[in-house]
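For reference, the structure is listed below as structure tokens.
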Amino acid sequence: EVQSREEYRQMAQLDRLMRDPSGKQFTTSMTDECFRSNDNRRIANQIIHLLEVHGTPQYLDAITRLEMSTFKVMGEKFARFLIPMVKDLIRKETARVILPGEDEVLREHLITRKNEGITTNLNHLGEAILGEDEAIQRLNTYIADLQKPEVEYISVKISTICSQLNLLAKQETLKTLKDRLRLLYREAIKNTFLDSDGKPRHKFVNLDMEEYRDLHLTTELFKEVLSEEEFLTYRGGIVLQAYLPDSYAALEDLTDWAIQRFKDGGAPIKIRLVKGANLAMEKVEASIRGWKQAPFSSKMEVDIHYRKMVNFALTKERAPAVNIGIASHNIFDISYALLLKYENDISEFVNFEMLEGMAEHLRLVIQELSHGIILYCPAAGKEEFQNAIAYLIRRLDENTADENFLRHLFDLKPSSLAFSDQTEFFKDGCQKIKDIDSTPRRLQNRLIEPEHLSSEKAFQNEADTDFSLPNNLKWAEGIYENLNQFETPFAPLVIAGEVRQNQNTISGCSPNSGKEFGIVHLASSEDIEEALDHAETTFSKWSSTPSQERAKLLQNVAQQIRIKRASL
């Protein structure tokens, strides 16, 4: 009833996209590949290539399809004019989901939202920082945001304020993070704003969650800084992802700590419950490193676990000390939380959160039912266009997955098949809440010797050590603390399979503390000559094999070795 024509048009187009596999592939490939370059001609060439491979997307309207057909013919020739227009068009089309990060435009939007009774959670895109200079720059951006009158609520990932999240140097990493988080909390306390009742409030800093490896580090940082006397009266926030079984134990731990802090006169904390949106990345990392996948393997399990966490949190005993943000677009989960909120008489401690520009008609209804709402608002300036594109790709992939609720929203009417299917999916999940297993999937423990490393067992490759796990950190710390008990470790030379120890050595040092703990044996010029001779002889033998291509390749390598020897 409240859906606008424009939103209906946008949702209809998204629905057509999900029914157009070639169109989805083109859109994903275009946004992922084409705008990495700053060369307009190169961008145009890649778009034309994708149009030739996938064809013109059929989910687009007739005028846009005609424009793309024209671009296929004229795009490369007029790239310097057309590509900036394409970028501006994409920014304009996506502005409802990713706000322009320029100060004046962003300021106007935040003020408009506040006048509508909406709190905006500001999130600057471009989290992947490459060094400490960039981390300090991002920290200063957050501080500047908190000083702006129109900004009341920001999201911060620890990976954006510290480029060296070294779990093997956990205490040093925590020290750096604490120093920087204190700066943000102090700025939030210093810069107040008036809420809807005209009362002054501290600005809100929300610690966001990203990778699985950051879970324990982020929760530990959050607790330790907010336990300091300076911040006992500050209400800080943190995110927990329901797609990680480990998040349930984290929720229990944070709740116990927060209740005690509250009893001691401290302020409540807030936990934002989300389902999680980094599944693809977690799958890839687990596969490469030989680990078990940290998140649940099915959407059904994630939804069930989310309701289990909601059940735990939305009680009269816990909610005053641990305020909860229900972050979801699934109307069944939102309704479930609304019922618990009113049944347990904890309305003032629970709010609902959605993504800016996503399902605006749902936002209007939920805002009315819950008497307020928080919108998670990604923002990116023109120079951060590539970061915005990366965010769009992730959201597109997430929202168009078959099991995602938003995938079925366009057809969702009370009499529809989609509504009936989602109802059964929800009911089935509710019946399994007590049975969902919150035991962490990653159980690697280096304190216990793996059985398959026994010399009596057949060879089996060993997974990388996961230093995000507490037991593995204890194992590593134990080795480091007991280094003096071992014979001085050394790194020898190995030439042609022969292990050698030379007189010329240097000391090996810990990158974390600078402490010397080993010896590295250095090669002499004679050693280098011998190694090159061995390499050349080996390549010469290989080049005598029947394959002419291999022989040619190896002869080239041998020639390069001879050139290198001459330069020595």
Side-chain angles (χ1 to χ4, degrees), residues 119 121 201 204 206-207 209 215-216 218-220 222-223 226-227 232-276 296 300-354 366-367 369-374 426-440:
T119 300
N121 177 0
R201 301 280 185 189
F204 196 84
N206 185 70
L207 275 187
M209 201 70 71
L215 173 62
H216 300 295
T218 305
T219 53
E220 192 170 338
F222 181 74
K223 289 197 303 181
L226 285 182
S227 293
L232 277 178
T233 58
Y234 180 69
R235 177 177 175 262
I238 192 170
V239 173
L240 289 179
Q241 299 165 304
Y243 79 164
L244 295 174
D246 314 57
S247 290
Y248 192 79
L251 176 61
E252 292 179 313
D253 177 59
L254 284 166
T255 300
D256 290 342
W257 164 78
I259 288 174
Q260 186 59 52
R261 179 176 183 260
F262 192 60
K263 287 179 180 176
D264 294 339
I269 65 166
K270 180 189 171 186
I271 296 179
R272 181 174 183 257
L273 295 180
V274 304
K275 292 185 180 177
F296 288 107
M300 171 68 90
E301 290 174 302
V302 175
D303 286 356
I304 296 170
H305 198 238
Y306 187 80
R307 288 167 212 141
K308 179 179 179 180
M309 294 176 72
V310 168
N311 278 353
F312 177 87
L314 298 191
T315 65
K316 208 157 190 173
E317 314 85 67
R318 301 182 179 114
V322 185
N323 305 165
I324 295 295
I326 301 295
S328 177
H329 288 84
N330 186 316
I331 60 171
F332 293 91
D333 287 328
I334 293 170
S335 302
Y336 187 77
L338 276 168
L339 286 170
L340 285 174
K341 162 181 161 174
Y342 289 120
E343 285 177 0
N344 295 332
D345 192 24
I346 52 174
S347 294
E348 62 183 300
F349 308 121
V350 181
N351 57 45
F352 292 81
E353 309 192 15
M354 301 177 78
I366 302 307
Q367 183 178 352
L369 289 173
S370 61
H371 308 294
I373 200 162
I374 296 176
F426 173 76
K427 288 165 64 178
D428 188 30
C430 285
Q431 293 169 1
K432 297 175 180 176
I433 291 176
K434 292 181 180 179
D435 301 324
I436 191 72
D437 184 8
S438 297
T439 304

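No hydrogens, no waters, no symmetry mates; every other heavy atom, side chains included, goes into these values. Being a predicted model, the structure only gives us computed values, none of them experimental.
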Salt bridge flag under 4.0 Å for residues Glu353 and Lys275: no
When every non-hydrogen atom of Ala319 is compared with those of Phe349, the smallest separation belongs to O-CB, 3.5 Å
Side chain to side chain, Lys270 and Asn351, heavy atoms closer than 4.5 Å: yes
Between Asp264 and Gln260, is any side-chain donor less than 3.5 angstrom from a side-chain acceptor? yes
Thr255 to Arg318 - nearest heavy-atom pair and separation: CG2-CD, 3.8 Å
Just wondering, do Ile436 and Lys432 contact through their side chains at under 4.5 Å, heavy atoms? no
Within the structure provided, determine whether Asn311 and Leu340 are in side-chain contact (heavy-atom separation under 4.5 Å). yes
Quick one: do Val274 and Met209 satisfy side chain to side chain contact (heavy atoms under 4.5 Å, CB included)? Show the steps, please. CA-CA 10 Å; Val274 304; Met209 201 70 71; over 6 Å; no
Within-4.5 Å side-chain heavy-atom neighbours: Phe352 and Leu338: yes
Closest approach of Ile433 and Ile304, non-hydrogen atoms and distance? CA-CG2, 3.7 Å
For residues 304-314, which residue pairs pass the salt bridge (Lys or Arg N to Asp or Glu O under 4.0 Å) check, not counting sequence neighbours? Arg307-Asp333
Residue pair Asn121 / Arg272, side-chain donor-acceptor N/O under 3.5 Å: no
Closest non-hydrogen contact found for Gly237 with Phe222 is O-CE1, 3.4 Å
Just checking, is any N or O donor in the side chain of Thr439 or Asp437 under 3.5 Å from an acceptor N or O on the other one? yes
Indicate the atoms forming the closest heavy-atom contact of Ser370 with Tyr342, along with that distance. CA-OH, 4.3 Å
Val239 side chain near Leu207 side chain, heavy-atom distance below 4.5 Å: no
Looking at Tyr306, is its backbone amide N or carbonyl O close enough to the side chain of Tyr248 to form a donor-acceptor pair, meaning the two atoms are under 3.5 Å apart? no
Determine whether a donor-acceptor pair (N or O, by modelled atom type, separation under 3.5 Å) exists between the side chain of Asn330 and the backbone of Phe332. yes
Are Phe296 and His305 close enough that their ring centres sit under 6.0 Å apart? yes
On a heavy-atom basis, which atom in Leu314 and which in Val350 lie closest, and how many Å separate them? CD2-CG2, 3.5 Å
